[in-house]
Amino acid sequence: MSNSSNPPGVARRDPGPTTAPARPSRVRRALTRARTWLPGLLLVSPSILLIGVFVYGMIGWNTRLALSDKHAPIQDGEFVGLVNFVALWQEARWPAAVGNAIVFTVVFVGGALFMGWLLGLLLDKGIRGEAVFRTLFLAPMAVSFIATGVVWRWLMNPAPAERATGLNALFVHFNLDFLVNDWWTAPDLGMAAMALPAIWQLAGYIMALFLAGFRGVSEDLREAARVDGCSEWGVYRHVVMPQLRPVLLSAIIILGHMSLKVFDLIIAIAGQQIVADVPAVYMWAMVFEVRDPAKGATIASYLLFAVAVFVIPYLVWTVRKERSEGR
């Protein structure tokens with residue numbers, strides 16, 4: 001006897017499964033995710049491979065060479081640890097080269113920042129022919145450091161007054177003999193004079209950065225400050241300049257790492273004279289003249305570390321800022 005409660009003559013329907021449809025398997029979910037990032041990864045994989053080999057691979061090879069005693073091209077180097085890094089400071093030339101690089105960096109970074117900020121401020125105030133002035137200020141960026149060095153070597157010729165050329169001849173012509181000086185050959189301020197061509201070439205680029213920062217500040221904020229009684233200088237000091245800190249930091253990073261590894265400008269103006277020696281020139285001499293691979297790699301490692309001191313904090317700050325803005 002059937003216990004079914006269905007009326008006679010009515011077929012019983014199968015209720016079907018009582019559970020919800022099964023979720024996609026892990027493999028299916030993985031394939032779905034792969035469709036989003038795999039095409040992009042395939043597109044950038046050649047760049048990743050090239051950077052891995054020719055940037056980080058070369059850094060690793062250079063570090064391995066710096067930690068060895070391979071002081072001749074045909075010599076098989078063995079691991080010696082930090083011996084080369086310590087021994088380098090016991091040479092008279094290396095501390096002098098580091099000191100020259102510090103003087104060059106301070107004058108170059110400070111001078112380019114000041115000139116770039118001043119030019120950007122003048123253009124932000126609005127002057128006739130702004131496009132012409134922007135072109136003139138940015139034109140030196142199109143010139144290589146080698147060409148700049150050749151021209152400025154003539155301008156900063158250290159010949160005395162009776163044989164003066166360049167700027168010294170100009171000073172003599174206008175009876176300004178007290179301004180005649182030794183320029184880059186001076187033992188104390190030689191590297192400060194060496195930074196003048198670099199300031200001339202990079203000031204326009206820094207001007208463009210600051211001008212973009214000035215134009216990015218809302219006009220409403222400036223008007224609100226003026227309504228509150230701020231003078232025009234007060235508007236720039238209390239409203240505009242605080243918002244230019246990211247631009248200032250970027251400019252310092254760019255100029256700082258360029259100055260630490262400067263080579264072509266020094267060679268074009270002074271050659272390999274000790275009075276204008278910097279770590280990059282010293283490294284070149286060790287590798288191609290003295291033929292000491294380990295010492296050249298050690299100097300290169302110091303340069304890499306110095307550049308990393310500038311760049312890594314900026315990258316960390318940028319990532320943190322992007323994450324905070326994304327929240």
Side-chain angles (χ1 to χ4, degrees), residues 51-110 145 184-195 198 252-317:
I51 292 174
V53 173
F54 293 103
V55 176
Y56 297 103
M58 294 296 101
I59 291 175
W61 177 81
N62 181 85
T63 304
R64 177 177 175 273
L65 189 59
L67 298 175
S68 69
D69 61 350
K70 186 178 177 64
H71 295 290
I74 60 174
Q75 179 180 349
D76 294 332
E78 297 182 358
F79 179 79
V80 294
L82 300 177
V83 172
N84 294 327
F85 291 87
V86 176
L88 196 61
W89 290 98
Q90 299 174 358
E91 301 182 5
R93 183 176 177 179
W94 173 248
V98 173
N100 288 339
I102 293 175
V103 173
F104 181 88
T105 299
V106 171
V107 177
F108 169 53
V109 174
F145 265 140
W184 56 270
T185 61
D188 298 327
L189 300 177
M191 291 308 298
M194 187 72 74
I252 292 175
I253 297 301
I254 294 171
L255 296 174
H257 92 270
M258 290 181 64
S259 64
L260 289 174
K261 57 184 183 180
V262 63
F263 172 80
D264 41 4
L265 180 66
I266 305 296
I267 290 294
I269 295 178
Q272 297 187 52
Q273 298 193 36
I274 297 299
V275 69
D277 198 21
V278 291
V281 175
Y282 189 18
M283 177 187 66
W284 187 88
M286 290 298 102
V287 174
F288 296 103
E289 293 184 354
V290 181
R291 309 282 290 177
D292 190 336
K295 184 177 292 187
T298 304
I299 300 173
S301 298
Y302 272 122
L303 288 175
L304 176 64
F305 176 76
V307 172
V309 168
F310 272 86
V311 175
I312 291 179
Y314 172 73
L315 296 178
V316 173
W317 175 80

Visitor: Quick one: side chain to side chain donor-acceptor pair (under 3.5 Å) partners of Glu78, sequence neighbours excluded?
Guide: none

Visitor: When you compare the side chain of Val287 with that of Asp292, does any pair of heavy atoms fall below 4.5 Å?
Guide: no

Visitor: Partners of Leu67 by side-chain contact (heavy atoms from CB on, under 4.5 Å), sequence neighbours excluded?
Guide: Thr63, Phe79, Leu82, Phe85

Visitor: If you take all heavy atoms of Gly271 and Val281, which pair is closest and at what distance?
Guide: O-CG1, 4.5 Å

Visitor: What heavy-atom pair brings Ala92 and Pro95 nearest, and what distance separates the two atoms?
Guide: O-CD, 3.5 Å

Visitor: Does the side chain of Glu289 reach to within under 4.5 Å of the side chain of Trp284, using non-hydrogen atoms?
Guide: yes

Visitor: Would you find more than 12 non-hydrogen atoms of other residues, nucleotides or ligands less than 6.0 Å from Trp317 atom CH2?
Guide: yes

Visitor: Give every residue pair that meets the salt bridge (charged side-chain N to carboxylate O under 4.0 Å, His left out) criterion with at least one member in residues 52-61, sequence neighbours excluded.
Guide: none

Visitor: I need the minimum non-hydrogen distance between Met194 and Ile269, along with the two atoms involved.
Guide: SD-CD1, 3.6 Å

Visitor: What closest approach, in Å, do Ala270 and Ala276 show between heavy atoms, and which atom pair accounts for it?
Guide: CB-CB, 3.7 Å

Visitor: Test side chain to side chain contact (heavy atoms under 4.5 Å, CB included) on Val307 and Leu303; report intermediate values, then the result.
Guide: CA-CA 6 Å; Val307 172; Leu303 288 175; 5.5 Å; no

Visitor: Once side-chain contact (heavy atoms from CB on, under 4.5 Å) is applied, do any residues pair with Ala297, and if so which ones, sequence neighbours excluded?
Guide: Asn62, Leu65, Ala66

Visitor: Evaluate whether atom CZ of Arg93 has more than 12 neighbouring non-hydrogen atoms of other residues, nucleotides or ligands under 6.0 angstrom away.
Guide: yes

Visitor: Kindly state each residue pair satisfying salt bridge (charged side-chain N to carboxylate O under 4.0 Å, His left out) with at least one member in residues 57-72, sequence neighbours excluded.
Guide: none

Visitor: If you apply the rule side chain to side chain contact (heavy atoms under 4.5 Å, CB included), what do you find for Phe263 with Phe145, and how did you get there?
Guide: CA-CA 9 Å; Phe263 172 80; Phe145 265 140; over 6 Å; no

Visitor: When rounded to the nearest 0.5 angstrom, what distance separates CG in Leu255 from CZ in Phe310?
Guide: 9.5 Å

Visitor: Could you pull out all residues at least two apart from Tyr56 that satisfy ring-ring contact (aromatic ring centres under 6.0 Å, His included)?
Guide: none

Visitor: Keeping to residues at least two apart or across chains, list the salt bridge (charged side-chain N to carboxylate O under 4.0 Å, His left out) pairs with something in residues 297-314.
Guide: none

Visitor: Which pairs with one or both residues in residues 254-264 pass side-chain hydrogen bond (donor to acceptor under 3.5 Å, both in side chains), sequence neighbours excluded?
Guide: Thr105-Ser259

Visitor: Under the rule for side-chain contact (heavy atoms from CB on, under 4.5 Å), what residues qualify as partners of Ala306, not counting sequence neighbours?
Guide: Leu260

Visitor: Report yes if the side chains of Asn84 and His71 come closer than 4.5 Å at any heavy-atom pair, otherwise no.
Guide: yes

Visitor: Not counting sequence neighbours, which residues clear side-chain contact (heavy atoms from CB on, under 4.5 Å) with Glu91? List them please.
Guide: Leu88, Tyr282, Lys295

Visitor: Going by atom type alone, with no hydrogens or angles, which donor-acceptor pairs under 3.5 Å involve a side-chain atom of residues 97-104 and a protein atom two or more places apart or on another chain?
Guide:
{"from": "Asn100", "atom 1": "ND2", "to": "Ala96", "atom 2": "O", "distance (Å)": "3.4"}
{"from": "Asn100", "atom 1": "ND2", "to": "Asp277", "atom 2": "O", "distance (Å)": "2.8"}

Visitor: Would you say the side chain of Ile266 lies within less than 4.5 Å of the side chain of Met191, judging by non-hydrogen atoms?
Guide: yes

Visitor: When rounded to the nearest 0.5 angstrom, what is the spacing between CZ in Arg291 and CD1 in Ile74?
Guide: 10.0 Å

Visitor: Got a second to check how far Phe305's CZ is from Ile312's CD1, nearest 0.5 Å?
Guide: 8.5 Å

